[in-house]
Amino acid sequence: MGEVAAPPVVLVHGTATTGAIWGRVRRELVGRRVSAPDRPSSGSLPAELAALRPWVDGAVYGGVSGGATLGLALLAAGVPLAGVVLHEPAVGSLLPGLLAPVAAAYAAGGVPALARTLYGPAWQLTDAPSDPGAVERDLAMFLEFEPGPLPDRAIPIIITVGADSPPVRHRAAAVLHDRLELPVRVIPGCGHAAHLEAPAAFARLLAMVHRG
């Protein structure tokens, strides 16, 4: 019998970015079917999940930041994913205040301040979406996010955190491990912007995190 083809990979971006932010990871996944759609940044969690459904059913899902948060929501909704790698998602009331520095940065300095607080110097202004309201809508949605129970535990799931991320991000990953029993891996050489600072390491996880 022939070798079974690996499932496609779908990469989902967070706030203050677009699907183009995944260029370095995509280059590491040569030979795989990879999509990186632009989210509508509607501000509505149900609308965001509905927009992703045509892309993600049966795929390996990779998300960073808000894209990782949406991955938790898709899992809670029972979407049939082949595997999941989520880098530093929001965790709602499981760790209050996680996003407070991000919200404060946006209030003080708009999109550039928010993005550099999240992603550090790897983020550039050209990475921002063209819609000026997209970031504000995203921020409001993610501030209200609450993780739900994960019904399908047969899906391989990896939560990642950057070795260089602040302690609060490591606490958030530990909360997901302790409360939702999700495995956690630390990615060396990066902070929150794993897709920009450690694309090869993130791609390796995506390449191995599927069933079969």
Side-chain angles (χ1 to χ4, degrees), residues 11-17 21-22 24-25 28 45 60-76 81 83-109 113-123 127 135 138-150 153 155-209:
L11 304 171
V12 180
H13 65 90
T15 192
T17 64
I21 202 74
W22 289 103
R24 298 176 193 178
V25 174
E28 298 289 339
L45 184 61
V60 169
Y61 183 102
V64 167
S65 190
T69 304
L70 292 170
L72 285 180
L74 288 166
L75 288 167
L81 303 171
V84 182
V85 181
L86 306 178
H87 186 74
E88 301 189 3
V91 296
S93 60
L94 296 180
L95 186 59
L98 174 65
L99 298 184
V102 180
Y106 183 74
L114 173 146
R116 291 190 175 118
T117 297
L118 270 177
Y119 306 117
W123 182 89
D127 295 326
V135 175
D138 269 353
L139 179 60
M141 179 179 70
F142 293 130
L143 285 170
E144 295 176 356
F145 172 77
E146 282 293 329
L150 309 182
R153 303 314 296 268
I155 297 174
I157 304 169
I158 299 174
I159 300 296
T160 62
V161 61
D164 300 334
S165 287
V168 69
R169 290 290 181 179
H170 290 263
R171 291 199 297 273
V175 163
L176 291 174
H177 178 269
D178 295 341
R179 298 288 291 274
L180 300 182
E181 301 181 345
L182 297 177
V184 173
R185 295 200 185 190
V186 177
I187 299 181
C190 74
H192 195 62
H195 41 4
L196 299 177
E197 297 172 330
F202 197 79
R204 282 194 294 272
L205 292 174
L206 290 166
M208 54 78 64
V209 72

Legend entry - Pairing residues for Phe202 by the ring-ring contact (aromatic ring centres under 6.0 Å, His included) criterion, not counting sequence neighbours: Trp22
Inset, instruction - Please confirm whether the backbone N or O of Leu86 pairs with a side-chain atom of Tyr61, one donor and one acceptor, at under 3.5 Å? - result: no
Under 3.5 Å, which donor-acceptor pairs link side chains of residues 92-100 to any protein atom two or more places apart or in another chain?
from: Ser93; atom 1: OG; to: Glu146; atom 2: OE1; distance (Å): 2.9
from: Ser93; atom 1: OG; to: Glu146; atom 2: OE2; distance (Å): 3.1

Inset, instruction - With side chain to side chain contact (heavy atoms under 4.5 Å, CB included) as the test, would you mind laying out the steps for Leu11 and Leu206 before giving the verdict? - result: CA-CA 10 Å; Leu11 304 171; Leu206 290 166; 3.6 Å; yes
Inset, instruction - Check each of Val184, Val175, Val85 against Ile159 using the side-chain contact (heavy atoms from CB on, under 4.5 Å) test, and report the only one that passes. - result: Val184
Legend entry - Backbone of Ala172 reached by a side-chain donor or acceptor of His177 within 3.5 Å: no
Inset, instruction - Look up atom CG in Asp138 and atom OH in Tyr106, then write down how far apart they are to the nearest 0.5 Å. - result: 10.0 Å
Legend entry - Partner set under side chain to side chain contact (heavy atoms under 4.5 Å, CB included) for Ala201, not counting sequence neighbours: Ile187, Ala198, Arg204
Inset, instruction - Determine whether Cys190 and His87 make a side-chain contact, defined as any pair of heavy atoms from C-beta on separated by less than 4.5 Å. - result: yes
Legend entry - Pairwise side-chain contact, Val209 with Val60, heavy-atom cut-off 4.5 Å (strictly under): yes
Legend entry - Any side-chain heavy-atom pair of Leu45 and Leu70 under 4.5 Å: yes
Inset, instruction - Check Gly162 against His170 and note the closest heavy-atom contact, atom names and distance. - result: O-NE2, 3.0 Å
Legend entry - For the student: nearest non-hydrogen atoms of Thr117 and Ala105, plus distance: OG1-CB, 3.2 Å
Legend entry - Heavy-atom check, side chain of Pro101 versus side chain of Val168, under 4.5 Å: no
Inset, instruction - With sequence neighbours excluded, tell me which residues meet salt bridge (Lys or Arg N to Asp or Glu O under 4.0 Å) with Arg169. - result: Glu88
Legend entry - With sequence neighbours excluded, residues passing side chain to side chain donor-acceptor pair (under 3.5 Å) with His195: none
Legend entry - Rounded distance (nearest 0.5 Å) linking atom CD1 of Ile157 with atom CG of Leu75: 4.5 Å
Inset, instruction - Please report the shortest heavy-atom distance between Ala16 and Leu114, naming the atom on each side. - result: CB-CD2, 4.0 Å
Legend entry - Shortest non-hydrogen separation from Ala163 to Gly189 and the atoms involved: CB-N, 4.3 Å
Legend entry - Side-chain heavy-atom pair Leu182, Leu150 within 4.5 angstrom cut-off: yes
Legend entry - Pairing residues for Thr17 by the side chain to side chain contact (heavy atoms under 4.5 Å, CB included) criterion, not counting sequence neighbours: His13, Ile21, Tyr119, Trp123
Inset, instruction - Would you confirm whether Thr69, through its side chain, and Ala90, through its main-chain N or O, come within 3.5 Å as a donor-acceptor pair? - result: yes
